[in-house]
Amino acid sequence: MSLIKSISGIRGTIGGKAGEGLTPIDVVKFSSAYGAWVIEKTGNPKVVIGRDARLSGDMISRLVAATLQGMGIHVIDLGLSTTPTVEFAVPLEKAGGGIILTASHNPIQWNALKLLNSVGEFISDEEGKSILEKAEKEDFSFADVKKLGKYTRIDDYLDRHIQHVLDLELVDVEAIKARNFKIVVDAVNSTGGIAVPKLLRALGVEHIEEMFCTPDGHFPHNPEPLPENLREISKKLEKGNYDLGIVVDPDVDRLALVNEDGSMFGEEYTLVSVADYVLSKTPGNTVSNLSSTRALRDVTEKRGGKYTAAAVGEVNVVNQMKAVNAVIGGEGNGGIIYPASHYGRDALVGIGLFLTHLAKFGKSISMLRATYPNYYISKNKIELTPEIDVDKILLEIKNKYKKHPINDIDGVKIEFEKEWVHLRKSNTEPIIRIYSESDSEATAEHLAKKIMQDIKEVVSASLI
């Protein structure tokens, strides 16, 4: 069993002993700490909650709601929802915060509490540490019987969210409708199975093939939208009867696209293509994290904007986007952050913008993909024993490649002429992640292997 307490929330596997898995005791303890923080921080005893369709979701949701009520907090429960929908709802409900009950792309046995501030954005590092400290010290108290919080259920926020997408200036419903798209949807039997087909119909798409759109939490495959997990939708598209495939993760903040021939558009290129469209209408700056493709930089500079890299993590990307007033940004895992909507990864907003872009492009999705620079990312990791000093290893690698441009805001990213490699340590495991990119797949793999060998040599030397 696993329980991971981090600055962004708490996540773990269901079952086991308290403190070792995500048990009811852990849920109550952490919800209490968050509730105390919300009251202390905002003085606003109202919290919005919503969940994906995981098997444990209903149980976790009822525990969280009852705990917050016990703190004297009024709970607005959106029920089956999406991460961006809860983010969207928090400011509209004038709440002090929000909790999304989802383990995102993690397998079925996992669940988590993701924590939002009063503007519907993920809490900061400092705020997360404060909540962890409250949980550890059990620094919270509950309300008297006459001051218990109220519970309200609101079931139409997905509809409000969808209407919000339709109302975005750069989403052209008529253009999408005119293309008469035939689309396959894989929503991994979570809440995207409700939201995505409903959005597509609202956008005028009449031909929708729903795969795994029953929100019962029985994931038919690994829920992370990576190519190796999308074989079934790929096979359906191979037959040539559809224009594209749309894939979302369980909480609908990541968007992956599949070409009309069953090949992958590329998760990294979801953001690249949407950014290209947004920049064509509203020129400006962009941001993605250090481990995302350089194709976004290429597209941004071609459109006259400036690209900036942020540390890995949505809150870091959002902070950097605000700092440079970016018009679009996100992460290379299919996460679109569009400030004209809200500062959070949102697959529904991404779908609206992408389908408008594809409709106006007028050709196939594979032909659109061919208009962008072709880069390959190699993703690797090295597992280390706990006693090895990861920070020292990263410093040694940084010194070895000091003649090259280096960014060290999050690990070490080394820039070569047309390639880069990014090394960063995991926050939860003794692991170094090594991502490399080149316009040649062989070169990307070679670069990763070279850096991995450098790391092994440093480790061997430190053990002598």
So which pairs with a foot in residues 276-292 pass salt bridge (Lys or Arg N to Asp or Glu O under 4.0 Å), sequence neighbours left out? Asp276-Arg303

Looking at [X] and [Y], would you say the former's side chain and the latter's main chain have a donor-acceptor pair under 3.5 Å?
| X | Y | answer |
| --- | --- | --- |
| Tyr34 | Leu116 | yes |
| Asn44 | Lys94 | yes |
| Asp346 | Gly350 | no |
| Ser81 | Gly50 | no |
| Ser273 | Thr270 | yes |
| Asp52 | Ser190 | no |
| Asn285 | Asn325 | no |
| Arg254 | Pro225 | no |
| Asn117 | Gly120 | yes |
| Ser280 | Tyr277 | yes |

Take Glu260 and Ser366 through the side chain to side chain donor-acceptor pair (under 3.5 Å) test and state the conclusion after the steps. CA-CA 7 Å; Glu260 78 282 357; Ser366 61; 2.6 Å; yes

Candidate pair Thr152 and His74, rule side chain to side chain donor-acceptor pair (under 3.5 Å), full reasoning: CA-CA 8 Å; Thr152 304; His74 306 309; over 6 Å; no

For the pair [X] and [Y], find out whether any cationic side-chain nitrogen is under 4.0 Å from an anionic carboxylate oxygen.
| X | Y | result |
| --- | --- | --- |
| Asp144 | Lys146 | no |
| Glu268 | Arg294 | no |
| Lys129 | Glu133 | no |
| Asp159 | Lys198 | yes |
| Lys182 | Glu209 | no |
| Arg51 | Asp251 | no |
| Arg201 | Glu206 | no |

Do the side chains of [Y] and [X] get nearer than 4.5 Å, heavy atoms only?
| X | Y | answer |
| --- | --- | --- |
| Ile60 | Ile14 | yes |
| Asn111 | Arg11 | no |
| Val86 | Leu78 | yes |
| Leu355 | Leu203 | yes |
| Tyr242 | Ile183 | no |
| Ser263 | Val258 | no |
| Leu368 | Phe354 | yes |
| Val272 | Thr293 | yes |

Atom pair [atom1] ([X]) and [atom2] ([Y]), whose distance is rounded to the nearest 0.5 Å:
| X | Y | atom1 | atom2 | answer |
| --- | --- | --- | --- | --- |
| Ile100 | Thr82 | CD1 | OG1 | 8.0 Å |
| Ile328 | Tyr338 | CD1 | OH | 7.0 Å |
| Asp408 | Leu290 | CG | CG | 9.5 Å |
| Ile73 | Tyr151 | CD1 | OH | 15.0 Å |
| Arg297 | Thr308 | CZ | OG1 | 10.0 Å |

Assess whether atom [atom1] of [X] is packed by more than 12 heavy atoms of other residues, nucleotides or ligands within 6.0 Å.
| X | atom1 | result |
| --- | --- | --- |
| Lys379 | NZ | yes |
| Glu126 | CD | no |
| Glu301 | CD | yes |
| Ile25 | CD1 | no |
| Lys322 | NZ | yes |

Apply the test side-chain contact (heavy atoms from CB on, under 4.5 Å) to residues Thr23 and Lys17: give CA-CA distance (whole Å), side-chain angles for both, the deciding distance (0.1 Å), then the verdict. CA-CA 7 Å; Thr23 70; Lys17 294 182 178 181; 5.9 Å; no

Establish, yes or no, whether a centroid distance under 6.0 Å links the rings of Tyr435 and His422. no

Hey, would you say the Phe181 and His207 ring centroids sit under 6.0 Å apart? no

State whether a side-chain donor-acceptor pair under 3.5 Å links [X] with [Y].
| X | Y | value |
| --- | --- | --- |
| Ser61 | Asp58 | no |
| Asn289 | Glu331 | yes |
| Thr300 | Thr286 | yes |
| Asp298 | Tyr375 | yes |
| Asp186 | His221 | yes |
| Ser104 | Asn106 | no |

If you apply the rule side-chain contact (heavy atoms from CB on, under 4.5 Å), what do you find for Val47 with Ile76, and how did you get there? CA-CA 6 Å; Val47 169; Ile76 306 293; over 6 Å; no

Please test Val27 against Leu22 for side-chain contact (heavy atoms from CB on, under 4.5 Å), starting from the C-alpha separation and ending with a verdict. CA-CA 7 Å; Val27 172; Leu22 188 59; 3.9 Å; yes

Please determine if Arg369 forms a cation-pi arrangement with Tyr269, meaning its NZ or CZ atom is less than 6.0 Å from the six-membered ring centre and no more than 45° off the ring axis. yes

Is it the case that Lys134 places NZ or CZ above or below the six-membered ring of Trp37, under 6.0 angstrom from the centre and within 45 degrees of the axis? no

